[in-house]
Amino acid sequence: MSAYLLLKAVHIVFVVTWFAGLFYLPRLLIYHCQTTDPTARAQFHMMEDKLYRIIMRPSMIVTVLLGAALLIWQWERLAQMGWIWAKLVAVLILLGHHHFCGALIRQFAASGLPSEHRVSERFLRIFNEVPALLLIIIVILAVTKPF
Ligand code: HEM
């Protein structure tokens with residue numbers, strides 16, 4: 001087994017753990033949005049904060065570092081392929097989404113009631129679909145390498 005393939009496998013493992021958080025966090029924010037009970041709101045904040053700091057952020061960092069290592073390792077081959085650049089654009093959007101999730105956690109903690117949130121439940125439901133769409137695009141690009 002080559003070291004390059006092993007690194008690629010670990011890259012994919014961390015993609016999976018990162019996405020576990022990207023999929024679940026907006027769901028927690030929706031539940032958070034639906035309650036005015038201070039005890040429940042504090043509980044949701046704790047769950048969101050832990051998910052973000054303990055699962056999502058470390059997984060995102062390791063995914064990006066391993067992806068960068070793979071890219072540098074095979075730069076000569078990969079730099080000439082269009083799909084990798086298209087994939088990097090999609091990853092940039094995903095990173096923006098990740099940081100926006102962090103901003104929403106802080107905003108929900110700062111506001112006392114759902115009426116003070118700057119985003120609606122409907123927005124969160126649409127926001128929730130963004131990582132799924134990017135996952136499909138990125139995996140198809142990375143696996144089929146179409147151009
Ligand atoms: C900055 C972030 C990232 C960089 C720099 C990066 C870079 C790379 C590189 C260079 C490879 C090896 C390609 C090859 O050997 O032909 C790879 C493989 C792969 N990446 Fe990423 N990646 C990143 C993030 C992601 C994300 C967020 C996902 C999923 C949503 C992902 C999914 C995959 C998959 C499925 C493969 C295996 C493709 C194959 O069959 O060879 N990557 N990545």
Side-chain angles (χ1 to χ4, degrees), residues 1-35 40-111 114 116-147:
M1 188 200 329
S2 84
Y4 183 79
L5 286 182
L6 192 59
L7 204 63
K8 194 165 18 182
V10 181
H11 172 65
I12 295 168
V13 168
F14 281 92
V15 164
V16 172
T17 57
W18 183 17
F19 270 85
L22 286 169
F23 283 145
Y24 193 50
L25 185 72
R27 194 77 335 253
L28 282 176
L29 290 169
I30 290 170
Y31 297 144
H32 197 155
C33 222
Q34 288 169 337
T35 179
R41 290 180 63 79
Q43 191 85 38
F44 281 128
H45 176 67
M46 192 196 70
M47 290 165 76
E48 291 154 11
D49 189 55
K50 284 205 167 151
L51 184 65
Y52 192 72
R53 284 188 302 108
I54 299 173
I55 308 284
M56 289 171 66
R57 186 182 285 151
S59 304
M60 177 270 285
I61 292 170
V62 180
T63 298
V64 171
L65 288 180
L66 294 183
L70 290 166
L71 191 57
I72 293 165
W73 194 323
Q74 301 233 334
W75 178 254
E76 304 260 298
R77 171 177 68 91
L78 292 167
Q80 294 157 25
M81 302 174 113
W83 69 268
I84 188 80
W85 302 108
K87 171 181 162 171
L88 290 180
V89 171
V91 172
L92 269 184
I93 299 169
L94 192 65
L95 288 171
H97 179 94
H98 174 101
H99 287 291
F100 193 63
C101 286
L104 285 177
I105 294 173
R106 288 189 293 278
Q107 198 214 106
F108 273 40
S111 46
E116 294 166 22
H117 295 171
R118 268 179 264 151
V119 293
S120 64
E121 196 181 319
R122 189 177 138 73
F123 170 86
L124 288 172
R125 286 184 190 280
I126 298 166
F127 182 73
N128 200 6
E129 306 304 328
V130 174
L133 192 67
L134 289 170
L135 178 65
I136 293 167
I137 294 170
I138 295 172
V139 171
I140 290 177
L141 282 171
V143 174
T144 65
K145 310 182 200 308
F147 45 85

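What you see is a predicted model; the values in this text were computed from it and never measured. Note that ligands are numbered from 1 as they come in the structure, with each ligand's atoms numbered from 1 the same way.
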Over 12 foreign heavy atoms within 6.0 Å of NZ, K145: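 It does: K145 NZ has more than 12 such atoms within range.
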Within the 4.5 Å heavy-atom criterion, are [X] and [Y] side-chain neighbours or not?
X: M60; Y: F14; result: no
X: L25; Y: C101; result: yes
X: L71; Y: L88; result: yes
X: L78; Y: L70; result: no

What atoms of ligand 1 come within less than 4.0 Å of a heavy atom belonging to [X]?
X: L88; answer: 4 (C), 5 (C)
X: F19; answer: 30 (C)
X: L71; answer: 10 (C)
X: R77; answer: 14 (C), 15 (O), 16 (O)
X: L78; answer: 10 (C), 14 (C), 16 (O)
X: L135; answer: 30 (C)
X: A68; answer: 5 (C)
X: W18; answer: 27 (C)

W73 near ligand 1 by a heavy-atom separation under 4.0 Å: no
Whether W75 lies under 4.0 Å from ligand 1, heavy atom: no
Of all pairs that satisfy salt bridge (charged side-chain N to carboxylate O under 4.0 Å, His left out), the ones with a partner from residues 65-90, not counting sequence neighbours: none
Sequence neighbours excluded - salt bridge (charged side-chain N to carboxylate O under 4.0 Å, His left out) pairs with any residue from residues 3-23: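 Output for this query is empty, none listed.
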Working for ring-ring contact (aromatic ring centres under 6.0 Å, His included), residues H117 and F108: CA-CA 6 Å; H117 295 171; F108 273 40; 3.7 Å; yes
Worked check of side chain to side chain donor-acceptor pair (under 3.5 Å) between H32 and E48: CA-CA 9 Å; H32 197 155; E48 291 154 11; 2.6 Å; yes
Part of W83 within contact of ligand 1 (heavy atoms, under 4.0 Å): side chain
Closest approach of any protein heavy atom to atom 12 (C) of ligand 1, naming residue and atom: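 Protein heavy atom with the smallest distance to atom 12 (C) of ligand 1: Y4 OH, 3.3 Å.
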Reference residue V130; test side-chain contact (heavy atoms from CB on, under 4.5 Å); the match among L134, N128, I126: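 Of all the options given, the one that passes is L134.
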Geometric class of the H97/F127 ring pair [parallel <30°, tilted 30-60°, perpendicular >60°]: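 It falls in the parallel class, under 30°.
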Non-neighbouring partners of T35 that pass side chain to side chain donor-acceptor pair (under 3.5 Å), sequence neighbours left out: none
Protein N/O/S count near atom 21 (Fe) of ligand 1 (criterion: distance under 2.8 Å): 2
Among K145, H98, Q74, M81, closest by any non-hydrogen atom to atom 16 (O) of ligand 1: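 Residue with the shortest heavy-atom distance to the ligand atom: K145.
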